[in-house]
J.: 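The structure's right below; bear with me while I get my questions together.
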Protein chains: 2
Amino acid sequence: MSGDQRSRPVDDDGPPGGGDTSGRAPFLPRLYAPGPVAVPPAVLEALARPVVHHRTDDFRARFLRLRAALAEVFEAPGDDVMLLTGSGTTAFEAALIAAVPRGGHVLALRGGKFGDRWAAMARAFGYRVSEHDVPWGRTFDADGLRHRLASVGRPDAVTLVHSETSTGVLHDVAALAEAVRAHAPDALVLVDAVTSLAAAELRPRAWGLDAVVAGSQKGVMLPPGLGFAWLSERAWARGEDAGRRVPAYTLDLHRERPRQRAGDSGTTPATSLVVAADVALGLLLEEGLARRRAALDRRNRALLAAGAALGAEPFAERATPAVAAMTTPDGLAAPAVVRALAARGVRIAGGQDHLAPRLLRPSLLGHGDDHDAVVLAAALEGAWRDLGRAVPHGSAVSAAMAVLGS
Amino acid sequence: MSGDQRSRPVDDDGPPGGGDTSGRAPFLPRLYAPGPVAVPPAVLEALARPVVHHRTDDFRARFLRLRAALAEVFEAPGDDVMLLTGSGTTAFEAALIAAVPRGGHVLALRGGKFGDRWAAMARAFGYRVSEHDVPWGRTFDADGLRHRLASVGRPDAVTLVHSETSTGVLHDVAALAEAVRAHAPDALVLVDAVTSLAAAELRPRAWGLDAVVAGSQKGVMLPPGLGFAWLSERAWARGEDAGRRVPAYTLDLHRERPRQRAGDSGTTPATSLVVAADVALGLLLEEGLARRRAALDRRNRALLAAGAALGAEPFAERATPAVAAMTTPDGLAAPAVVRALAARGVRIAGGQDHLAPRLLRPSLLGHGDDHDAVVLAAALEGAWRDLGRAVPHGSAVSAAMAVLGS
């Protein structure tokens, strides 16, 4: 994490058992959650520029450049990636109702909180929803999906989560999409890539996907406030008849598509975030997607190794590079670890719902370098010691550094 | 406009007839449109702060402070003002579907582009829509509304625009709401206050309104990206039955209400904009709403006087303080004036739709002071001269200064 993230000491509660009164220097804040993430200084600088008007040639040029960059990051150069003001959830909503006619049948794959969300959302919009579940932490396998498809009939759409942030699992979207294509060729494959975009390999065209959505506050290293949605041509066509769609206004992608192609939008976009996105995507493409993904994977493996050295087991059957989900050792409560880390300036995510007692979810998805993995490993060691565990100094850090290879 | 707005020369096309080649110094950019508006330096600084996580005590405290400030600005202290990621249109959409059950009858008052928009939106969501129109630039009168109400039966809701940005008219919401109350007491009164919030007097409770919506990029002086919605208790109650509502997910205010009361939200909010909003609303309340409104009214009257000195007639029957809509003199094309101003660094809005050929819409709704009215008057004079009109130096400026009283 860069220097700009350390502008003031944390004003959180002290750590259990003393905190700053122990004589330790106050810590500076570091954001190591799987979103919102730390963003590059140049992106913060862009946010602070004077507000610009969106109905100007200068803004349209920026908007079109951003669209082109987004299509690169989505690995669908030249395609429309729609920009929405909102979150990744907003983008999923817009894509779902743009592609799946009213009353359609949606098969939702659920293996975590976000899998659950897309099922709940589809129900809220009146779709008929079937589920295919795996326990949180496990991956879906293509055979299981084939069996489920055989039993549910022919769904109009299947919702998948690529990187399930609640469990740290990277699901094999390529294999799952192939299974859908083979057994329900007309079913649209709608993919939540909120934390996988720019973090894990994702090939919408080669894998035959029909919608890919993401949000700004994750792998593309922006503040929250923008959602992105790519649709396949057949998904656009499937939703072409407005009379058969779930009604929408601001989130109507069909209405927006020609406007955004012209660098415009139906309502005022979040101009400051658009300007910052233009900067952020430029930086990302300059670094290169392959290089960036490799770095995130390396850092995430280093975090998992640091956890393992402390007796925290990797939770995910197949780990996403976006978050290092790990289960605390017996007797160590995850919320206490999260608080002890916060007292050391380090903000990570804990577990959600039934995983809250034991799951930790540190993440280096944001702006940072390999040294941030070292910092996080050191902070984990420190938190363990704060909570009364005897941990040799440097044990987690050594494990992390061995993975980093530096 | 403050110094931070003048960071670099404009890179627009030169003015008709020479521009910088005339030997004039290059101009610095100034944003004088009725939204997005120039924002205070402290707000830009807040946007540039390191990204914070929303599931933290610090963020929740900020969010709750912002809610309290918003309720003050909405003149409904202690009430829920819902925060949305999006625009004023997003907020209108959320309020409409939260309050008016599916298939309800909506009477839309249309006297400009935004009046049209709410009618179109209600239709998109399947409501039965009746209209009550006045020509663009004219106000609705309570008698006309009474007659219309007598003919359309009992609508479930009436949509009103307080400050119609496309025409510069401030409609008399108090009188119109009273007419609705008298003749259709069950009809909800839904008010677009996008450019009137913090600019014109607006009393949701005293005037018996049922929804008031606004956006961030106007009178509260933030970048675009947030929408705000206040509902009356009877509007909340009217939409209580989820089964009778138009389906929604991210824009479901009923689902959001208890969360936002706790400083939380269903999906990740635009945290950087929320932090900036906390700063912006603080500044606004420190200045004081009454003082701010008086200043905007004074500056807007000064702009109208400057225009009149140049032969541009006020367009609005009853002027909003948010924008100085004026019609160019015969033979002077408004788009040419907009371009000539742009070449002088000054960005104003022109007319929309059929008003494009003759309407100018300069605005001092954003961060600025009385001197900005002088600058804008000077720029208008200059644009007139650029377009071949013989205008004595200082004629528009003198008229503006006489109104400003300085």
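Every chain is numbered from 1 and lettered A, B, ... according to where its sequence line falls, protein lines coming before strand lines. Being a predicted model, the structure only gives us computed values, none of them experimental.
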J.: Look at the side chain of Arg361(A) and the backbone N and O of Gly350(A), then say whether any donor-acceptor pair between them is shorter than 3.5 Å.
T.: yes

J.: Can you tell me which portion of Ala248(A) sits under 4.5 Å from chain B's heavy atoms? Options are side chain, backbone, both or neither.
T.: backbone

J.: Let's test your reading of the structure: which of Ser87(A), Pro36(A), Ser272(A), Gly215(A) forms the most heavy-atom pairs below 4.5 Å with chain B?
T.: Pro36(A)

J.: Charged N to carboxylate O below 4.0 Å: is that the case for Arg60(B) and Asp57(B)?
T.: yes

J.: Quick check for you: among Gln217(A), His54(A), Glu45(A), His53(A), which has the greatest number of heavy-atom pairs under 4.5 Å with chain B?
T.: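 Heavy-atom pairs under 4.5 Å are most numerous for His53(A).
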
J.: Going from CD1 on Ile348(B) to CG on Leu360(B), what distance comes out if it is rounded to the nearest 0.5 angstrom?
T.: 4.5 Å

J.: In residues 119-127 of chain B, which residues are in contact with chain A at a heavy-atom separation under 4.5 Å?
T.: Ala120(B), Met121(B), Ala124(B), Phe125(B)

J.: Taking side chain as everything from C-beta outward and backbone as N, CA, C, O, which of these in Val274(B) sits under 4.5 Å from a heavy atom of chain A? Side chain, backbone, both or neither.
T.: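 Answer is neither: Val274(B) stays 4.5 Å or more from chain A.
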
J.: Report yes or no: does Lys218(B) contribute a side-chain atom to a donor-acceptor pair with the main-chain N or O of Pro34(B) at less than 3.5 Å?
T.: yes

J.: Among Gly266(A), Pro224(A), Pro269(A), Gly225(A), which residue forms the greatest number of heavy-atom pairs with chain B at distances under 4.5 Å?
T.: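 The candidate making the most pairs under 4.5 Å is Pro224(A).
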
J.: Please assess Thr267(B) against Thr250(B) for the test side chain to side chain donor-acceptor pair (under 3.5 Å), listing each intermediate value before the final yes or no.
T.: CA-CA 7 Å; Thr267(B) 56; Thr250(B) 53; over 6 Å; no

J.: Strictly distance-based, threshold 3.5 Å: is any side-chain N or O of Arg128(A) a donor or acceptor partner for the main-chain N or O of Gly104(A)?
T.: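 No, Arg128(A) side chain to Gly104(A) backbone: no donor-acceptor pair under 3.5 Å.
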
J.: Ion pair present between Arg117(B) and Asp192(B), side-chain N to carboxylate O less than 4.0 angstrom?
T.: no

J.: Most heavy-atom pairs under 4.5 angstrom with chain A, which of Leu84(B), Thr56(B), Leu273(B)?
T.: Thr56(B)

J.: Going by the rule ring-ring contact (aromatic ring centres under 6.0 Å, His included), which residues pair with His254(B) if we only count those two or more places apart in sequence or in a different chain?
T.: Trp236(B)

J.: Under 3.5 Å, side chain of Ser216(B) to main-chain N/O of Leu222(B), donor-acceptor pair present?
T.: no

